[in-house]
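To start, the structure under review is shown below, and the notes come after it.
The basis for the numbers below is simple: all heavy atoms, side chains too, and nothing from hydrogens, waters or symmetry mates.
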Amino acid sequence: MAALEARLGTARADRYLAQLTSHMSHGPGGLTVLSTSADELVVDLGTATWSVRAAPQELVMRLEADDAAELEQQSARVAHRVEQIARRDGLQVVWQPA
């Protein structure tokens, strides 16, 4: 399984996690929330699994998929959504191999 990870430095990690959890709980685009807690969200994207964790001073995201092409496609989709939500703080998602 291929995986990518991104670490976004922010003092508002818990706020962004709460916002993403609220947004994803509506199941946009057929997404399924697999689990939520005070510090983590796990979402089934259909062809990939995305986890978001709020850590002190950073939001840690991991994306896993069986297929490299799907991983690339889903990484762009996830990055776009997170960057939209975090646009006021100018956060940029930079994926690294995990």
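Side-chain atoms of S25 come within 3.5 Å of backbone N or O of S22 as a donor-acceptor pair.
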Can you give me every donor-acceptor pair (side chain of residues 47-59, partner residue at least two apart or in another chain, under 3.5 Å) with its distance?
unit_1: T47; atom_1: OG1; unit_2: E70; atom_2: OE1; d: 2.7
unit_1: T47; atom_1: OG1; unit_2: Q74; atom_2: NE2; d: 2.9
unit_1: E58; atom_1: OE2; unit_2: R7; atom_2: NH1; d: 2.6

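Linking Ile, Leu, Val, Met, Phe, Trp and Tyr whenever their side-chain heavy atoms come within less than 4.5 Å leaves I85 and V42 in two separate clusters. Taking hydrophobic clusters as Ile, Leu, Val, Met, Phe, Trp and Tyr residues chained together by side-chain heavy-atom distances below 4.5 Å, V60 does not share a cluster with L34.
Scanning all heavy atoms of the two residues, the minimum distance from E5 to R62 falls at OE1-NH1, 4.0 Å. Between M1 and A65, the shortest heavy-atom distance links the atoms CG-O, 3.3 Å. Contact record, A3 with E64: CB-CG, 3.8 Å, taken as the closest heavy-atom pair. Heavy-atom minimum distance, S75 versus W95: O-NE1, 3.1 Å.
Side chains of R87 and Q84: no donor on one and acceptor on the other come within 3.5 Å.
The CG atom of D67 sits 10.0 Å away from atom CD of E72, with the distance rounded to the nearest 0.5 Å. Separating the CD atom in Q19 from the CE atom in M24 is a distance of 10.5 Å, to the nearest 0.5 Å. With values rounded to the nearest 0.5 angstrom, D89 atom CG is found 7.0 Å from R15 atom CZ.
When each of L41, V82, L4 is paired with M61, the side chain to side chain contact (heavy atoms under 4.5 Å, CB included) condition holds for V82 and for no other.
Two residues are said to be in side-chain contact when any heavy atoms from C-beta on lie closer than 4.5 Å; L45 and V78 meet this criterion. In this structure the side chain of Y16 never reaches within 4.5 angstrom of the side chain of L8, judged on heavy atoms.
For residues 32-45, the set of pairs meeting the side chain to side chain donor-acceptor pair (under 3.5 Å) definition, not counting sequence neighbours, comprises S37-D39.
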